[in-house]
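Just so it is clear, the values below take in all heavy atoms, side chains as well, and ignore hydrogens, waters and symmetry mates.
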Amino acid sequence: MEKLLKSEKALLRLENLRAFILSEKWMAILFVITGIFACLHSFYPRSAIDIWGTVVLAYITGFCFVVSGDIFAMLIPALFTYCIAIRCYNSLSEFTSIIWLVLPLVAAFLFNIVAYYKRPTTKGSQFLPMLFVSISVIIGGVGVISAKDYFSGASIYNMLGIGFGMLLVYCYFYAKIEHTDKYLLIEKLSQMMVVIGLFISFMVFAHYVINVNTVIDKGGIFYIRWRNNASTILMMATPFAFYLGNKKPYTAVLAFIFYIAMLLTGSRGGMLFGTIELVMCLVMFILYDKRRRLAYVLICLCFFFVALVFLPEITSFLNFTIQRLFKVLNQFLLGGPDTETRVRHYARGIEDFFNHPVFGTGLGNLTNRDIFKSKPGSLCWYHCEPIQIMGSFGTVGIVAFVYQFVKRNMLIWKEATLFNMTVFLSYISLELMSLVNPGIFCPVPYLLLVVVYLIVVEKSNDTEPQVKVPIFKKFRDKRKAKKQKA
């Protein structure tokens, strides 16, 4: 890019622009722009505002692709784009009608690759496990799945997104994401996740305020179509709110705001696993963030006291979600003729595995549409990661994905730092949510964020100052003592 600009003033302006699109002010501007589209869509839900909001944010992302080669400069607006895109439910035909608008975005993407090119590398610790997973995804369903289903657009997109496409992204990002004097990787990632979590919370609260008459009529939770995606993002963001509390204690309060927003979405997975995650975060940070321990305890006590005082009102407001949660748990344990589609998908996935134990039925398999007819452009998900791996990729997939899971955690736990434990909690929260949703099988943004997590952990372990935590300290000390005696 610099070669195209010969003037020193032009180069200076470009550097200032690059610094700006990584700043908090730019995040605030994106917050406002995306918030306007979100609120307008809540006012006019039958309009195409969400679609055009997605287009506008996508073009802003494309602009960042042109002016900067920094991954975070591109990832931040891309996540805001996703925040508005999750509201575009069943809108494939509308997007197809304006497909020509993608051409400038493709041009911006190609320009970025050429102008800021860095040769992809296979040096990352996750290359081999991702390669094995990519192979298992490609051969999943061999001899079972029809050619039509295997080569469908949705199947190709997801196979590449989960497999070789994401592997290439990993190799390219690993070369691009480097320690810089401009910012700390761990702080930029944490800040980005907290801002996105804050925006999703705003989107949920604004939706309730705008639809207050519906809330009053219902007397509590009402249906939000994008509830599971919103809850997933909030769960991934929650640990980072605690982590930033290490320097700014008030940000820990945002974690509780994220949790409240999760409950308001009406997502059963958000209610169940969000509660588990919040407890894990509290235990982790109260134990190991000694400087802020008193602040965390006081915040917890205040939160608990308020919840206790208003418990009848809270349970009444959340009653619809609670009933739905216990209904599916009961059906999962006892079954029955009216078992909901998720539970029937679980049973079908296990059945598919036993019928095709080696390679499974393939990711693009659509024979499960007798249970639930998926929307155009989407796959028939089993809505449970372990069952998805078993049913779609068989024993080969189980071995590959287990190996990948182990290698991911070996990297995260290699250095016992507060940031690494934050990443672990965020990653595990996604894995928990993936027990009841496609979750981590969605290439963008969830799997992409995991890839960024792992690269930042690996690149920052030795290059950036971090707070160490004494996890397994006694075990390590005993092990060292035994080695010294030997």
Side-chain angles (χ1 to χ4, degrees), residues 48 50-52 54-55 57-59 61-62 65 78 81-82 84-110 113 130 133-170 172 225-226 228-229 341 345 348-349 352 356 359-383 385 388-389 391-393 397 434 437-449 451:
D50 53 339
I51 294 172
W52 289 109
T54 302
V55 171
L57 269 296
Y59 268 70
T61 305
F65 267 64
T81 305
Y82 180 76
I84 196 71
I86 61 175
R87 302 173 70 121
C88 304
Y89 185 76
N90 196 25
S91 299
L92 180 62
S93 59
E94 286 85 348
F95 278 111
T96 304
S97 67
I98 54 172
I99 191 67
W100 55 272
L101 288 173
V102 80
L103 295 177
L105 297 176
V106 173
F109 174 76
L110 294 176
I113 296 294
M130 289 183 71
V133 165
S134 300
I135 294 171
S136 71
V137 169
I138 289 296
I139 64 177
V142 167
V144 179
I145 189 172
S146 68
K148 180 183 177 182
D149 289 346
Y150 184 90
F151 290 106
S152 69
S155 177
I156 294 295
Y157 165 74
N158 284 282
M159 283 195 297
L160 290 178
I162 296 167
F164 281 105
M166 193 58 67
L167 176 62
L168 180 59
V169 169
Y170 173 76
Y172 187 62
R225 186 170 283 166
W226 34 276
N228 289 323
N229 281 313
T341 56
H345 272 306
R348 179 64 62 84
D352 286 344
H356 311 284
F359 300 118
T361 61
L363 191 63
N365 173 45
L366 296 180
T367 58
N368 299 330
R369 279 193 164 181
D370 60 313
I371 297 176
F372 178 77
K373 189 173 182 180
S374 56
K375 300 297 180 183
S378 62
L379 300 180
C380 290
W381 299 105
Y382 292 115
H383 285 85
E385 183 188 4
Q388 188 75 52
I389 294 168
S392 296
F393 314 121
S434 300
N437 284 293
I440 202 168
F441 277 98
C442 296
V444 178
Y446 307 126
L447 185 55
L448 180 65
L449 282 174
V451 165

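Not counting sequence neighbours, the partners of Y170 by the ring-ring contact (aromatic ring centres under 6.0 Å, His included) test are Y174. When the side-chain hydrogen bond (donor to acceptor under 3.5 Å, both in side chains) test is applied to T81, the partners found at least two apart in sequence or on another chain are T61. With sequence neighbours left out, F164 forms a ring-ring contact (aromatic ring centres under 6.0 Å, His included) with no residue at all. Under the rule for a side-chain hydrogen bond (donor to acceptor under 3.5 Å, both in side chains), E385 has no partner lying at least two apart in sequence or in another chain. In this structure L168 satisfies the side chain to side chain contact (heavy atoms under 4.5 Å, CB included) test with no other residue, sequence neighbours excluded. For F372, the side chain to side chain contact (heavy atoms under 4.5 Å, CB included) partners at least two apart in sequence or on another chain are T341, H345. The side chain to side chain contact (heavy atoms under 4.5 Å, CB included) test applied to N229 returns Y82, I86, Y446, not counting sequence neighbours. A search for side-chain hydrogen bond (donor to acceptor under 3.5 Å, both in side chains) contacts involving T367 returns N365, not counting sequence neighbours. For V444, the side chain to side chain contact (heavy atoms under 4.5 Å, CB included) partners are Y157, not counting sequence neighbours. W52 pairs by the ring-ring contact (aromatic ring centres under 6.0 Å, His included) definition with nothing, not counting sequence neighbours.
Between atom CE of residue M130 and atom CD1 of residue I135 there is a gap of 12.5 Å, rounded to the nearest 0.5 Å. Taken to the nearest 0.5 Å, the SG atom of C88 stands 11.0 Å off from the CZ atom of R225. The CD1 atom of I99 sits 13.0 Å away from atom CD of E94, with the distance rounded to the nearest 0.5 Å. In this structure, CG in L110 is found 11.0 Å from CG in L105, a value given to the nearest 0.5 Å.
Within the 4.5 Å cutoff, the side chain of L363 has heavy atoms near those of the F393 side chain. At least one side-chain heavy atom of Y382 sits under 4.5 Å from a side-chain heavy atom of N368. The shortest side-chain heavy-atom distance between P443 and L448 does not fall under the 4.5 Å cut-off. With contacts defined as side-chain heavy-atom distances shorter than 4.5 Å, the pair T54/R87 does not qualify. Within the 4.5 Å cutoff, the side chain of L447 has no heavy atoms near those of the F441 side chain. For the pair W381/N158, a side-chain contact is recorded, criterion being any heavy-atom separation below 4.5 Å from C-beta on. You'll find the side chain of Y172 reaches within 4.5 Å of the side chain of I113, heavy atoms only.
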**OP:** Before giving the answer on side-chain contact (heavy atoms from CB on, under 4.5 Å), spell out for V55 and Y59 the whole-Å C-alpha distance, their side-chain angles and the decisive distance to 0.1 Å.
**Re:** CA-CA 6 Å; V55 171; Y59 268 70; 3.9 Å; yes
**OP:** Starting from the C-alpha separation in whole Å, work towards a yes-or-no answer on side-chain contact (heavy atoms from CB on, under 4.5 Å) for M166 and V133.
**Re:** CA-CA 10 Å; M166 193 58 67; V133 165; over 6 Å; no
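Within the 3.5 Å criterion, the main-chain N or O of F151 finds no donor-acceptor partner in the side chain of S155. Remark: the backbone N or O of D352 is not paired with any side-chain donor or acceptor of T361 at under 3.5 angstrom.
Pairing each heavy atom of S434 with each of P438, the nearest pair is OG-O, 4.2 Å. Smallest separation of non-hydrogen atoms from R369 and S378: NH2-O, 4.3 Å. Closest heavy-atom contact between A108 and G62: CB-O, 3.6 Å.
The side-chain hydrogen bond (donor to acceptor under 3.5 Å, both in side chains) analysis of residues 137-151, with sequence neighbours excluded, yields the pairs S146-D149.
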